[in-house]
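First up is the structure itself, then whatever we jot down about it.
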Amino acid sequence: MRLYVNIDHVATVRQARRTDEPDPVRAAVLAELGGADGITVHLREDRRHVQDRDVRLLLETARTGINLELAAASEVLALAVEWRPMQATLVPEKREEVTTEGGLALGTPDARRHLGEAVERLRGAGIRTSLFIDPDPDALRASADLGVEAVELHTGEYANTRGAERHEQLGRLRRAAALGHTLGMAVHAGHGLTYENVTLVAAVPEIEELNIGHSIVSRAVLVGLERATREMAEIVRRARA
Ligand code: PXP
């Protein structure tokens, strides 16, 4: 099992002030020191958090692999082909959404052709390609037909439900992971995973990579705030000493 840490929301905090801190490139170093097997960033068409400069520097400096999330339709595809990250994950993207809301639409021949063209371009550049999909048999079969190396199962519905409903969603993820494996694809998972809900997903044997972002960045703010305040308080008090 590999843990890929998504550092988009370090960039979200920086973009709130359009300054140069916190730098996601520095955050990646710390995530790697903490045991991350890879770093994930979503370069959105609207550049609301991660910027081109971040990806370029991450590709130069990361000791692990970079998983670049992108929409097939965006001009980011050309950048991915130029930059050649170790892995690209194609995701759906809507300007109005707060975060990725579901897996890729693979239901129509048009959608599959469109995605297939993006997959071909990434493959031509030697980039391992994954598709972010809902944990459904049709989506898994369509992904296998497109010849991708991996799929990332959307865990959002599992994360957003409770009790019997969550149990059902876990079963859905387990069946999808088994089918993906049988179809010869590597199975990844992510979205909405937290310190409280990750265990049952991490235990699914066919899942070999998890992408986790918001929960880790959220915890980092809390576990780091006490020390950050203490350091500022010391400077402020020392100024009058
Ligand atoms: N996987 C994909 C495809 C995503 O788009 C995201 C969010 O950017 C994640 C995983 C991580 O989700 P979260 O931030 O909820 O951990």
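Along the sequence shown, residues are numbered consecutively beginning with 1. All ligand and atom numbering here is 1-based and tracks the order in the structure.
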### Message
Within ligand 1, which atoms have a heavy atom of Asp8 less than 4.0 Å away?
### Response
8 (O)
### Task
Check whether any N or O atom of Glu152, backbone or side chain, sits under 3.5 Å from an N or O atom of ligand 1, and answer yes or no.
yes
### Message
Taking the basic N atoms (NZ, or NE/NH1/NH2) and the acidic carboxylate oxygens, is any pair closer than 4.0 Å for Arg141 and Asp136?
### Response
no
### Summary
of all protein heavy atoms, closest to atom 16 (O) of ligand 1 is Gly213 N, 2.7 Å
### Task
Among all protein heavy atoms, pick the one closest to atom 5 (O) of ligand 1 and tell me residue, atom and distance.
Thr100 OG1, 2.9 Å
### Query
Is Ile7 reachable from Leu68 through a run of hydrophobic residues whose side-chain heavy atoms are each under 4.5 Å from the next?
yes
### Task
Can you pull out the closest protein heavy atom to atom 12 (O) of ligand 1? Residue, atom name and distance to 0.1 Å, please.
His191 CA, 3.4 Å
### Query
Among side-chain atoms of Thr40 and Asn67, is any donor-acceptor pair under 3.5 angstrom?
yes
### Query
Which protein heavy atom lies closest to atom 8 (O) of ligand 1, and at what distance to 0.1 Å?
Asn6 ND2, 3.4 Å
### Contact check: Ser215 vs ligand 1, nitrogen or oxygen atoms, below 3.5 angstrom
no
### Arg2 with Glu208: basic N within carboxylate O range, under 4.0 Å
yes
### Query
Does a sphere of radius 6.0 Å around CZ in Arg53 hold more than 12 heavy atoms from other residues, nucleotides or ligands, not counting ones at 6.0 Å or beyond?
yes
### Query
Between Arg172 and Asp134, is there a salt bridge with N-O shorter than 4.0 Å?
no
### Those atoms of ligand 1 less than 4.0 Å from some heavy atom in Asn211
10 (C), 11 (C)
### Task
Report yes if His214 has an N/O atom closer than 3.5 Å to an N/O atom of ligand 1; otherwise report no.
yes
### Enumerated ligand 1 atoms positioned under 4.0 Å from heavy atoms of Ile212
16 (O)
### Message
Is there a polar contact between ligand 1 and Val91, counting only N or O atoms under 3.5 Å apart?
### Response
no
### Query
Are Thr161 and Gln169 linked by a side-chain donor-acceptor pair shorter than 3.5 Å?
no
### Sub-4.5 Å side-chain heavy-atom contact between His191 and Glu152
no
### Query
Considering only the protein, which heavy-atom contact is closest to atom 15 (O) of ligand 1, and what is its distance?
Gly192 N, 2.8 Å
### Query
Could Arg14 and Asp54 be called an ion pair, given the rule that one side-chain N must be under 4.0 Å from one carboxylate O?
yes
### Query
Which atoms of ligand 1 are found less than 4.0 Å from any heavy atom of Phe132?
3 (C)
## Note on the structure
for atom 2 (C) of ligand 1, nearest protein heavy atom and its distance come out as Glu69 OE2, 3.1 Å
